[in-house]
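Below you'll find the structure, written out as structure tokens, and then a few comments.
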Amino acid sequence: MDNPNQPENNPLIPHPGKKMGGGLPLIEDWANYTLSPDGVQLWKTLFHKSACLSCAWGTGGQKGGFTNEVGETLQRCVKSVEAISSELQPGIQPHFFEQYSLTDLQQLTSHEADRLGRLTFPVILRKGDSHYQRISWDEVYTIVETAFKKPSDRIASYSSGRSSNEAAYLLQLMMRSLGSNNLADCSDLCHRASAVGLKTVFGTGTSLVSLESLKASDCVVLVGSNAPANHPRLMNELIKIRDRGGTGIVINPVEEIGLKKFGSPAFPVKSLVSGSDIASLFLKPHPGSDLALFIGIQKSLIERGLIKQDFLQAYTENWQTVLQQSQATSWETISDTCGVSKQDIETAATLISQAKGVVFAWSMGITQQLHGVESIFSIANTALMTANVGKLGAGLMPIRGHSNVQGFGSMGVTNNLRKEIQDALERLLGRSLNRTPGYDARSLIDAADDNKVDTLLCLGGNLYAANPDLTQAKRALGNIETVIYLSTKPNLGHFHGLAAENTIILPVYARFENPHKTTVESGNNFVRLNDEGKTHLKNADLVSEIDFITELAHRLL
Ligand code: SF4
């Protein structure tokens, strides 16, 4: 059987010579997973009432394993199956860490580390040791409690969007009660620009578009996103928009074939084999030049009298300045900067102006560049100029990655808490809290590199490998006295992101195994309730993240 986890076997990632993304290989992939010896357990888990583990498009939850927020069924993609399959691996054997030294483990690739199996007991690597060793929970709590009794500016956390809202809320409550705002999060590295850009313009840092609203739009402008590989079910909505006579404008430097044509298993007759058209117009700007492209679209709208001046007058401020800037920028500058012709930019502007409702969506092609926030301003300004805000079928939609990455922000896991939430927490705790912003994911690494961090608790994620400079990340983490990882499976951070004194790995339940109900929030602001569940792991010594943080907070506070 092909291993579908290998990129070359992944049908969601088109390869040279392919004429469309998705298609029949997706069915083959489903079959490979679900007809395997683990198939029964896999199907059982797919039907468990908990949200998809994979991306933040979101499905499942209390409505059922395959049901989305508007009640549509059969809403699962193969990425979801892949994520569950990975959590259903057997447990790591009791003598594994005695057998393999750190040097052995450091030879593994990311994929090989993931394939070692589920973590089933707590382990520690003490300074100078060559092997991780099993440790009791009593010892864990004693070491971690001592590690957190450090000056509040020298303790920190890092989190990913894997865990629940409840664990996220408790984590930030504990950290803030200890006086620390050092709550770095993986979203600092992906959609921070979206949060800042949207908050500045609209007062909210999250999507302005629900699934229901997307379904009412007749044009989507998709910018800097490889949705066929990363958010496959979004492709179904793009197909439906084309089917109802709408348009898809794709803006991406690389001509991803899946953004032109995608074969979706959701439409077995009309799409799966022959593929469905996605982009009505495909613009390929130079990487990082989206700002210029959107100024061009605005300029074209202004020159042809296509902006909605009444809307701007009624609902916006300082709009004249934005218009003046676009008008003052020459076509030569625009096209030279972004590499897209005036004619193509005008076509995009025409399509946008002709639509009844336009959704502007983007991923990290926009946020992970020098002009991330400014690019979001330019997208927002384009939406406002065309009155595509504040109505069903229109708006701005950052496409988020990790399944609960947005929930972490909503629960207050941020280094720079909103004043309203801070005030509420102070009322809850009956005392004032530290108001100095803490470290985000990048400044945490810089601070650790400068020997300013003693203790780091990682709630999921892989801070080491998420950093662009692995040499610095390794050195920085190596300056921290104690690093505690709460994880379901091994990752490279466990073998390279090692603390100066104690590195502790704590095995936790996956979302569908937690002994209590939890919630997560999708990228379109839909909160899902996850039922409690059971783990398939025999004799595993796992902890729920909620229990761990509660116990630690109880001891410390
Ligand atoms: S699109 Fe995302 S949320 Fe939906 S099933 Fe696939 S991975 Fe899960």
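Start at 1 and go down the list; that is how both ligands and their atoms are numbered. Positions are given from 1 along the sequence.
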(request) Indicate if the distance from atom 8 (Fe) of ligand 1 to the nearest N, O or S atom of Cys52 falls below 2.8 Å. (result)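 It does; at least one qualifying atom falls short of 2.8 Å.
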
At less than 4.0 angstrom from any non-hydrogen atom of [X], what atoms of ligand 1 do you find?
X	answer
Arg76	5 (S)
Ser80	5 (S), 8 (Fe)
Ser54	7 (S)
Gly58	3 (S)

(request) Look at the N, O or S atoms of Cys77, main chain and side chain alike, and state whether any lies under 2.8 Å from atom 6 (Fe) of ligand 1. (result)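 Of the N, O and S atoms in Cys77, at least one lies under 2.8 Å from atom 6 (Fe) of ligand 1, which means yes.
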
Between [X] and [Y]: side-chain donor-acceptor atoms closer than 3.5 Å:
X	Y	answer
Ser86	Asp114	yes
His111	Thr109	no
His191	Ser194	yes

(request) Starting from atom 4 (Fe) of ligand 1, locate the nearest protein heavy atom and write down its residue, its atom name and how far away it is, to 0.1 Å. (result)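 Sorting protein heavy atoms by distance from atom 4 (Fe) of ligand 1 puts Arg233 NH1, 2.3 Å first.
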
(message) Would you say atom 2 (Fe) of ligand 1 has Cys55 as a near neighbour, meaning an N/O/S atom of that residue under 2.8 Å away?
(response)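 Under 2.8 Å: Cys55 contacts atom 2 (Fe) of ligand 1 through an N, O or S atom.
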
(request) Verify, without hydrogens or angle tests, whether Arg400 (side chain) and Ser522 (backbone) share a donor-acceptor contact under 3.5 angstrom. (result)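 Not confirmed, Arg400 side chain does not pair with Ser522 backbone.
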
(message) Within this structure, what is the CE-OG distance for the pair Met20 and Ser274, rounded to the nearest 0.5 Å?
(response)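 Spacing of CE (Met20) from OG (Ser274) equals 7.0 Å.
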
(request) Please report the closest heavy-atom contact between Lys489 and Gln89, naming both atoms and the distance. (result)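 So the two residues come closest at CD-NE2, 3.6 Å.
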
